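Quick notes on the structure that follows.
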Amino acid sequence: MDVNTNSGCSARAERKQREKARIIQREKQRQTVKTVFDDAENLKAKVRQMAEALQQAKHVVIYTGAGISTAASIPDYRGPNGVWTQLQKGRSVSASDLSRAEPTLTHMCIWMLHKVKMVQHVVSQNCDGLHLRSGLPRHALSELHGNMFIEVCDSCSPAREFIRLFDVTERTALHRHGTGRLCPLCKAELRDTIVHFGERGTLEQPLNWKGAAEAAEQADLILCLGSSLKVLKKYSCLWCMNRPANKRPKLYIVNLQWTPKDTLATLKIHGKCDAVMGLLMEELGLGTPVYNRSQDPIFSLAKPLSPQEQKSHTREEIAPPAALEHASPDTQAQGEATAVQGGWFGRGYAKARRKRKTV
């Protein structure tokens with residue numbers, strides 16, 4: 001009996017050792033991924049080529065990742081200064097209130113391209129809500145991993161949606177989606193819309209998988225901006241793999257690092273998203289739009305909390321321009337110095353840190 005017990009412990013130890021070796025090897029491989037920049041002349045030539053392709057395309061879909069939000073001080077995951085990259089190097093990662101972020105030049109350029117009917121749909125992995133705040137219509141947007149400003153009642157049929165002016169994920173985490181607030185109609189607890197690693201998103205909105213799949217089916221050009229594509233590559237419905245290779249959409253990728261779709265791309269541009277999109281707007285003869293807080297759709301879409309719910313969160317709320325003008329410098333400085341832990345972003349990398357320590 002003792003022999004069997006020791007044998008079982010030894011087998012488990014060996015399995016753990018093998019798994020540890022696999023993890024270490026994988027992390028070493030990730031760290032060897034290099035950041036590459038196209039020189040100025042090559043960058044302009046590539047953007048010119050992409051502009052011509054966009055003008056000739058009939059149905060364009062844009063896939064976006066964390067790289068389009070780095071200019072808004074939201075770190076990406078696998079970039080040189082990304083959350084996972086820093087954790088792998090044993091460095092700490094600070095957390096800030098992502099509600100302070102505003103749509104970047106790339107977000108606004110995407111909005112403009114949709115407005116002039118050059119882009120038909122946007123599929124985003126980001127949860128920061130910046131596409132919505134740029135003015136992009138809901139029907140033209142699929143937020144595959146959720147939106148930090150939206151909580152829903154999935155007990156109602158159809159599900160009832162509540163857009164807020166603050167990050168609703170303060171109390172939520174992997175497999176724990178209750179926000180603590182109640183549906184005013186059925187009194188069931190509201191839940192966030194975030195799809196964490198290891199989960200399968202089932203909400204119709206804001207994920208809008210139907211819209212994403214239909215857009216991919218019609219696409220003759222797919223533009224990937226700021227995404228490592230390591231997650232998106234797993235969604236076969238986005239790549240029309242059931243078609244012959246010569247019938248699939250042309251693929252254009254803007255990213256500073258290698259992606260698993262590079263060999264299939266018609267063109268790979270190594271540049272920062274804002275720089276590339278700024279050049280693209282020039283090539284297309286379109287003005288570069290600027291985010292205007294007074295026109296942010298979230299202020300008209302958001303549903304106010306009831307008096308009983310005013311203290312149901314501690315997140316900073318997005319303030320309209322008039323409120324910002326009356327805010328005192330001391331209040332603004334205090335808000336900027338506050339670090340926020342938890343939520344979809346904070347707990348995501350906190351979990352990764354714990355896993356790293358156990359390895």
Side-chain angles (χ1 to χ4, degrees), residues 61-69 74 76-78 83-84 98 110 121-133 136-164 167-181 183 188-217 219 222 224-241 260-261 298 301 342-352:
V61 183
I62 295 181
Y63 297 169
T64 65
I68 75 164
S69 295
I74 298 177
D76 59 12
Y77 289 95
R78 296 180 175 90
V83 171
W84 306 132
L98 304 186
I110 292 172
H121 201 84
V122 176
V123 179
S124 178
Q125 299 169 260
N126 300 338
C127 304
D128 52 35
L130 295 181
H131 279 304
L132 175 67
R133 296 182 59 193
L136 198 65
R138 298 292 301 280
H139 66 83
L141 176 62
S142 296
E143 296 176 293
L144 301 185
H145 296 158
N147 185 315
M148 61 184 269
F149 295 108
I150 299 177
E151 55 187 348
V152 300
C153 176
D154 55 3
S155 295
C156 288
S157 183
R160 189 175 297 271
E161 187 178 80
F162 301 86
I163 297 176
R164 307 297 191 186
D167 179 359
V168 304
T169 70
E170 184 174 3
R171 303 179 182 180
T172 66
L174 179 70
H175 302 310
R176 298 202 310 273
H177 294 278
T179 65
R181 286 172 290 277
C183 173
E189 185 178 19
L190 300 179
R191 55 156 294 172
D192 70 7
T193 63
I194 304 302
V195 181
H196 293 275
F197 293 108
E199 294 181 337
R200 182 181 294 274
T202 57
L203 291 171
E204 183 175 343
Q205 292 291 347
L207 279 56
N208 192 15
W209 269 104
K210 181 180 178 182
E214 290 177 352
E217 185 64 30
I222 293 174
C224 300
L225 296 172
S227 172
S228 70
L229 300 181
K230 291 183 179 179
V231 175
L232 281 184
K233 73 172 183 179
K234 300 176 182 178
Y235 304 143
S236 58
C237 67
L238 300 180
W239 304 103
C240 306
M241 299 306 292
K261 292 289 185 180
I298 200 166
L301 294 173
W344 67 272
F345 199 84
R347 288 187 183 146
Y349 66 68
K351 180 180 178 183

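Every value quoted in this text rests on a predicted model; they were computed, and no experiment measured them. We count residues from 1, following the sequence as given.
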Where is the tightest heavy-atom contact between Ala216 and Cys240, given as atom of each residue plus distance? O-SG, 3.0 Å

Keeping Asn126 on the side-chain end and Asp128 on the backbone end, is there a donor-acceptor pair under 3.5 Å? no

Taking all non-hydrogen atoms of both residues into account, name the closest pair between Ala212 and Val123 and its distance. CB-CG2, 3.8 Å

Can you sort out the partners of Ala215 under side chain to side chain contact (heavy atoms under 4.5 Å, CB included), two or more places apart, ordered by chain and number? His59, Val61, His121

Could you measure the distance from the SG atom of Cys224 to the NZ atom of Lys233? Nearest 0.5 Å is fine. 13.5 Å

Would you give the length of the straight line joining atom CD1 of Ile298 to atom CG of Leu130, rounded to the nearest 0.5 angstrom? 9.5 Å

Pairs under 3.5 angstrom only: tabulate donor-acceptor contacts from the side chains of residues 147-155 to other protein residues two or more places apart or in another chain.
unit_1	atom_1	unit_2	atom_2	d
Asn147	OD1	Phe149	N	2.8
Asn147	ND2	Glu143	OE1	3.2
Asn147	ND2	Glu143	OE2	3.0
Glu151	OE1	Thr179	OG1	2.8
Glu151	OE1	Arg181	NE	3.2
Glu151	OE1	Arg181	NH2	3.2
Glu151	OE2	Arg164	NE	2.6
Glu151	OE2	Arg164	NH2	3.1
Glu151	OE2	Arg181	NE	2.9

Could you check if a side-chain atom of Ile110 sits within less than 4.5 angstrom of a side-chain atom of Leu225, using non-hydrogen atoms only? yes

Please enumerate all residues that pass salt bridge (charged side-chain N to carboxylate O under 4.0 Å, His left out) together with Arg160, with sequence neighbours excluded. none

Between CG of Asp192 and CG of Asp167, what distance do you get to the nearest 0.5 Å? 9.0 Å

Note: Arg171-Glu189 ion pair, threshold 4.0 Å (strictly below): no

Sequence-distant partners of Leu232, side chain to side chain contact (heavy atoms under 4.5 Å, CB included), two or more places apart: Tyr63, Gln125, Leu144, Ser227, Leu229, Tyr235, Leu238, Trp239

Considering only distance and modelled atom types, tabulate donor-acceptor pairs under 3.5 Å from the side chains of residues 197-207, sequence neighbours left out.
unit_1	atom_1	unit_2	atom_2	d
Glu199	OE1	His177	NE2	3.2
Glu199	OE1	His196	N	2.9
Glu199	OE2	His175	N	2.6
Glu199	OE2	His175	ND1	3.4
Glu199	OE2	His177	NE2	2.9

Between Asn208 (side chain only) and Leu141 (backbone N and O only), is there a donor and an acceptor less than 3.5 Å apart? yes

Which residues satisfy the side-chain hydrogen bond (donor to acceptor under 3.5 Å, both in side chains) test with Thr193, sequence neighbours excluded? none

